[in-house]
Structure formats: structure tokens, C-alpha cells
Amino acid sequence: MKTFLLCLPAIFFLLLVIGCIVFLVWYFKSFYEERAERQKKAEAQRDLHGGECILEWSGSFAEGMADTEFGRLVVEIPKKRGGGAARFCEKGLILDKKRLPYSEIKDILLVAASEKKKYTLKQAVQDMGVLWIYPKKGAAIGIREMTYQFDNELMEKIKSGLGF
């Protein structure tokens, strides 16, 4: 009995490690299943357009010059300060000096902005909305509420318009 009591902390620690491993495996499995589902939706949308990646848009189009590479301007999200904007064209995204065709996007995630009033900088950062765009190569691109005029509904339309 005495040896069993001495082994009890080791058994508890072993169960804790096994539980952590099981949790991590479950978490990553569900994450990658959800990601695969979003990619299937995007592929289905591409198949509707003959394999071409375009931004489906049912609302009014933004006014502005069409891009020679990406076609007609669909949505323009201006910066809060200074000039510039995130420009979503029919076939690609123009963000500052970055040009990204939609065919090079592997995933898009939307963290919706909170509608609550923000009194401190900490609350503003915690409740900030971001549209994360993950290209197949390179670093993720974030269109953040602090920098751009963020609208949850508009960002959701962009995300679903690309099939994700």
C-alpha cells in the first residue's frame, strides 16, 4: 500500500500528460477539418466559374478605375488615417504595394469586431476586428479595425464572396 501511495503522483502526472495529448490531437483534428471544409467551399465556387477565382458580389460596386491585372473594382475599404485603401477587385486584392490574386489564397478567417463601447486601449485591442487572409506563400495579411474602416457585414460578404 505504501508503494502505491508513492506512485500516486507519478500516475496522476501520467494521466495529466495523456489528457493533454488527447486534447491537442482533438483540437488540431477539428481545426483542420473546419479548414478543409472552407477550402472545399472555395473550390466549389471556383468550379462554378470555370476554375477561375473571382469575388462574387451582389451589392453595389465601388467607384474607381479598373485594374489591368485584376479587373473591375468591387469593394474599396479606406484607411482611417492617411491615404490608401484595401481594394478588392474581381480577380485579386491590392493592399498598399501588395498584389494578391485570389487563386493564391488558401484561407480567410474573420474575427468580428465587438459592438461594445471601448473605453481603454486594452479593450480596443481585445475587441478589435480583423479579416485574416492567408496566402499560399508568405505571411498572413490582416485588415484590422484600427487601421481600416472595418464593417463586420462587409467583411463577411467579402469572405463568403470568395467562397470561404
Side-chain angles (χ1 to χ4, degrees), residues 23-24 27-164:
F23 174 76
L24 287 174
Y27 178 78
F28 284 119
K29 183 180 176 190
S30 64
F31 173 78
Y32 285 115
E33 283 176 358
E34 182 181 337
R35 186 176 183 183
E37 186 65 32
R38 287 192 306 265
Q39 288 175 348
K40 284 179 188 175
K41 287 182 196 175
E43 290 298 324
Q45 181 192 1
R46 290 176 186 153
D47 290 341
L48 288 175
H49 300 287
E52 192 172 25
C53 301
I54 66 164
L55 175 60
E56 292 180 346
W57 198 254
S58 59
S60 60
F61 289 90
E63 294 180 16
M65 296 276 299
D67 187 67
T68 55
E69 182 183 0
F70 296 143
R72 184 163 114 179
L73 180 62
V74 178
V75 180
E76 189 171 46
I77 303 168
K79 285 189 171 182
K80 287 185 175 179
R81 293 178 186 86
R87 301 178 69 202
F88 289 86
C89 299
E90 284 182 319
K91 298 179 184 178
L93 164 67
I94 303 166
L95 184 66
D96 296 324
K97 294 182 181 181
K98 295 178 185 173
R99 299 175 65 81
L100 181 66
Y102 298 139
S103 61
E104 292 297 314
I105 294 175
K106 70 177 175 183
D107 202 3
I108 294 178
L109 293 175
L110 173 64
V111 178
S114 174
E115 300 296 326
K116 296 187 303 184
K117 195 163 191 132
K118 300 159 187 130
Y119 297 105
T120 65
L121 182 60
K122 182 179 178 182
Q123 287 176 335
V125 170
Q126 287 175 343
D127 299 338
M128 179 176 59
V130 182
L131 179 69
W132 289 106
I133 301 170
Y134 295 97
K136 291 180 181 175
K137 295 179 184 175
I141 299 168
I143 298 176
R144 300 173 189 271
E145 181 184 13
M146 284 185 143
T147 311
Y148 293 92
Q149 294 178 4
F150 201 86
D151 179 17
N152 288 338
E153 186 178 322
L154 180 67
M155 297 301 175
E156 185 62 43
K157 284 182 180 180
I158 291 171
K159 180 183 170 212
S160 62
L162 290 171
F164 291 99

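Sequential numbering from 1 along the given sequence is applied to the chain's residues.
- Nearest heavy-atom pair, Leu95 versus Ala86, reported as atom, atom and distance to 0.1 Å: CD1-CB, 3.5 Å.
- Applying the 6.0 Å contact sphere to NZ of Lys91 captures no more than 12 heavy atoms from other residues, nucleotides or ligands.
- Going from atom OH of Tyr102 over to atom CD1 of Ile108 covers 8.0 Å, rounded to the nearest 0.5 Å.
- Under the rule for a salt bridge (Lys or Arg N to Asp or Glu O under 4.0 Å), the partners of Lys79 that lie at least two apart in sequence or sit in another chain are Asp96.
- Between Ser103 and Cys53, the closest heavy-atom pair is CA-SG, 3.4 Å.
- Proximity of Ile94 to Cys89: side-chain heavy atoms (C-beta onward) are separated by under 4.5 Å at one or more points.
- Atoms CG and CG, from Leu55 and Leu162 in turn, are 5.0 Å apart once rounded to the nearest 0.5 Å.
- Residues Pro78 and Tyr148 are not in side-chain contact: their nearest non-hydrogen atoms beyond the backbone lie 4.5 Å or more apart.
- Under the 4.5 Å side-chain criterion, counting only non-hydrogen atoms from C-beta, Val130 is in contact with Met128.
- Considering NZ of Lys159 and CG of Asn152, their distance stands at 11.5 Å, rounded to 0.5 Å.
- Using a 4.0 Å cut-off between charged side-chain N and carboxylate O, Glu34 and Arg38 make a salt bridge.
- Sparse packing is recorded around NZ of Lys29, with 12 or fewer heavy atoms of other residues, nucleotides or ligands lying under 6.0 Å away.
- Identified under the side-chain hydrogen bond (donor to acceptor under 3.5 Å, both in side chains) test for residues 59-71, with sequence neighbours left out: Asp67-Arg99, Glu69-Arg99.
- Remark: side-chain polar atoms of Lys80 are paired, donor with acceptor, to backbone N or O of Glu145 under 3.5 angstrom.
- In this structure, the side chains of Met155 and Phe150 come closer than 4.5 Å at one or more pairs of heavy atoms.
- A donor-acceptor pair under 3.5 Å is absent between the side-chain atoms of Tyr134 and the main chain of Ile141, judged by distance alone.
- By the 4.5 Å heavy-atom criterion applied to side chains, Ile158 and Phe88 are counted as neighbours.
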Determine whether Ile105 and Phe164 satisfy the following criterion, side chain to side chain contact (heavy atoms under 4.5 Å, CB included), listing intermediate values before the conclusion. CA-CA 10 Å; Ile105 294 175; Phe164 291 99; 4.0 Å; yes

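- Within the model, atoms NZ of Lys136 and CG of Leu100 stand 10.0 Å from one another, a figure rounded to the nearest 0.5 Å.
- Evaluation of the side-chain contact (heavy atoms from CB on, under 4.5 Å) rule for Arg72 yields Phe61, Glu90 as partners, not counting sequence neighbours.
- Looking at heavy atoms from C-beta onward, Leu93 lies in side-chain contact with Ile133 at the 4.5 angstrom threshold.
- The CD atom of Gln39 lies 7.5 Å from the CD atom of Glu43; values are rounded to the nearest 0.5 Å.
- Between Trp132 and Val111, the closest side-chain pair of non-hydrogen atoms falls below 4.5 Å.
- A salt bridge links Glu76 to Arg87: at least one charged side-chain nitrogen sits closer than 4.0 Å to a carboxylate oxygen.
- Proximity of a side-chain donor or acceptor of Ser30 to a complementary backbone N or O of Tyr27 within less than 3.5 Å is detected.
- Taking CZ of Arg81 as the reference point, atom CE of Met146 lies at 8.5 Å (rounded to 0.5 Å).
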